[in-house]
Amino acid sequence: MRRYLTGLLAALLLLCTAAGAVDGAGKAEPLGLSASSVADGASNVAVDTSIKLDFTKNVVNLQVKDNNKTCFSVTDSQGNQVPIVVSMGDDQVDREVRNTIYISPAQTWPAGETLTLTISGNLMAKNGTSMGTTCTLRFTTAGAAATPAP
């Protein structure tokens, strides 16, 4: 019996050591953008389009949600800020939404304009990893650009 318990203890110790070598929280893997509903360089994007951004990790958890809402901005071709709404689901209610953030225009995107969506390198995952580098996505909206008044 003693031999059996010693073997079992050794096996458990080996299993625990191996498990500790693997980062169960995935901190070794970087946080990144895995997909966007609007591709970089897209044109003729409808002015009422909401952009779905999928990330490689949980970016909507309460621990990081407030920080992450501040990590997005959209500018026009002149560098002017375009008002946006950043929307996130609740990962406590629905696990399927934990990696997804939506960026929508506060009204509509300006027609016929090239816009740049910037994602700050400060975007953080629930496990504490951040993107580390800024990510940009450029797209052009449908319609004719407004002509300035004479």
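Just the heavy atoms: all of them, side chains too, but no hydrogens, waters or symmetry mates, feed the values below.
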A.B. asks: Does Asn58 use its side chain to pair, donor to acceptor, with the backbone of Lys126 at less than 3.5 Å?
C.D. replies: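 Pair absent, no side-chain N/O of Asn58 close to backbone of Lys126.
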A.B. asks: Without hydrogens or angle criteria, can the side chains of Thr114 and Thr140 be said to hold a donor-acceptor pair below 3.5 Å?
C.D. replies: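 The answer is yes; a qualifying pair exists.
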A.B. asks: Can you tell me if Lys57 uses its side chain to pair, donor with acceptor, with the backbone of Glu29 under 3.5 Å?
C.D. replies: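 Confirmed, Lys57 side chain pairs with Glu29 backbone.
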A.B. asks: Could you tell me which non-hydrogen atom of Gln81 sits nearest to which non-hydrogen atom of Val74, and how far apart they are?
C.D. replies: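 The answer is OE1-O, 3.2 Å.
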A.B. asks: Following the transitive rule for hydrophobic clusters with a side-chain heavy-atom cut-off under 4.5 Å over Ile, Leu, Val, Met, Phe, Trp and Tyr, establish whether Val64 and Leu123 coincide in one cluster.
C.D. replies: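 Hydrophobic grouping puts Val64 apart from Leu123.
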A.B. asks: Can you find a pair of side-chain heavy atoms, one from Asn68 and one from Met124, that are under 4.5 Å apart?
C.D. replies: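 Yes. Closest side-chain heavy atoms under 4.5 Å.
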A.B. asks: For the residue pair Val86 and Met88, what are the closest heavy atoms and their distance?
C.D. replies: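 Val86 and Met88 have their closest heavy atoms at CG1-CE, 4.2 Å.
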A.B. asks: Please round to the nearest 0.5 Å and tell me the distance separating atom OG of Ser120 and atom CG of Asn67.
C.D. replies: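 One gets 8.0 Å once the value is rounded to the nearest 0.5 Å.
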A.B. asks: How far apart are the closest heavy atoms of Ser37 and Ser50, and which atoms are they?
C.D. replies: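 Distance-wise, the nearest heavy atoms are OG-O, 3.8 Å.
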A.B. asks: Please lay out, stage by stage, how Lys52 and Ser36 fare under the test side-chain contact (heavy atoms from CB on, under 4.5 Å).
C.D. replies: CA-CA 6 Å; Lys52 179 183 179 188; Ser36 172; over 6 Å; no
A.B. asks: Return the CD1 to CD1 distance between Ile103 and Ile84, rounded to the nearest 0.5 Å.
C.D. replies: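 Answer rounded to 0.5 Å: 5.0 Å.
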A.B. asks: Are any non-hydrogen side-chain atoms of Thr116 and Leu137 less than 4.5 angstrom apart?
C.D. replies: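 Counting from C-beta outward, Thr116 and Leu137 never come under 4.5 Å.
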A.B. asks: For the OG1 atom of Thr136 and the CD1 atom of Ile119, what is their distance to the nearest 0.5 Å?
C.D. replies: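 Taking OG1 in Thr136 and CD1 in Ile119, the distance rounds to 8.5 Å.
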A.B. asks: Can you hop from Val45 to Ile51 via hydrophobic side chains spaced under 4.5 Å?
C.D. replies: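 Linked, Val45 and Ile51 end up in one cluster.
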A.B. asks: Roughly how far, to the nearest 0.5 Å, is CG of Asp76 from CD of Glu113?
C.D. replies: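 Between Glu113 CD and Asp76 CG, I get 4.5 Å after rounding to 0.5 Å.
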A.B. asks: Quick one, Val59 with Ile101, criterion side-chain contact (heavy atoms from CB on, under 4.5 Å). Give me CA distance, side-chain angles, the key distance, then yes/no.
C.D. replies: CA-CA 8 Å; Val59 290; Ile101 295 176; 3.6 Å; yes
A.B. asks: Test of understanding: with ring-ring contact (aromatic ring centres under 6.0 Å, His included), list the residues that count as partners of Phe55, not counting sequence neighbours.
C.D. replies: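 Checked Phe55 against ring-ring contact (aromatic ring centres under 6.0 Å, His included); zero matches.
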A.B. asks: Using the rule given for side-chain contact (heavy atoms from CB on, under 4.5 Å), can you reason through Leu53 versus Leu33, listing the C-alpha separation, both sets of side-chain angles and the distance that settles it, and then say yes or no?
C.D. replies: CA-CA 7 Å; Leu53 302 171; Leu33 179 65; 3.9 Å; yes
A.B. asks: Starting at OG of Ser104, measure out to CG of Asp48 and round the result to the nearest 0.5 Å.
C.D. replies: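 Rounded to the nearest 0.5 Å, the OG-CG separation comes out at 9.5 Å.
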A.B. asks: Only pairs at least two apart or in different chains count here, so list each ring pair (Phe, Tyr, Trp, His ring centres under 6.0 Å) that has a residue in residues 69-92.
C.D. replies: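 Found none.
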A.B. asks: Which residue pairs satisfy the ring pair (Phe, Tyr, Trp, His ring centres under 6.0 Å) criterion with at least one member in residues 101-141, sequence neighbours excluded?
C.D. replies: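 Passing the test, one end in residues 101-141: Trp109-Phe139.
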A.B. asks: Is there side-chain contact between Arg138 and Asp40, with heavy atoms separated by less than 4.5 Å?
C.D. replies: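 Yes, side chains in contact.
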A.B. asks: Quick one: does any side-chain atom of Thr141 pair with a main-chain N or O of Pro110 as donor and acceptor, under 3.5 Å?
C.D. replies: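 Indeed, once roles are kept as given, a pair shorter than 3.5 Å links the two residues.
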A.B. asks: Hey, mind stepping through Thr134 and Thr118 against side-chain contact (heavy atoms from CB on, under 4.5 Å) and telling me if it holds?
C.D. replies: CA-CA 7 Å; Thr134 298; Thr118 302; 3.4 Å; yes
A.B. asks: Counting C-beta onward and ignoring hydrogens, is there a side-chain heavy-atom pair between Pro30 and Met131 closer than 4.5 Å?
C.D. replies: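 They are not in contact (no side-chain heavy atoms under 4.5 Å apart), so the answer is no.
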A.B. asks: Where do Asn44 and Ala142 come nearest, in terms of heavy atoms and distance?
C.D. replies: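 The pair with the smallest heavy-atom distance is OD1-CB, 3.1 Å.
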A.B. asks: To the nearest 0.5 Å, how far apart are CG in Leu31 and OG1 in Thr129?
C.D. replies: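 Atom-to-atom, Leu31:CG and Thr129:OG1 are 5.0 Å apart.
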A.B. asks: Begin with the C-alpha distance, continue with both residues' side-chain angles, and end with the deciding distance and a verdict on side-chain hydrogen bond (donor to acceptor under 3.5 Å, both in side chains) for Ser34 and Asp54.
C.D. replies: CA-CA 6 Å; Ser34 60; Asp54 290 319; 5.5 Å; no
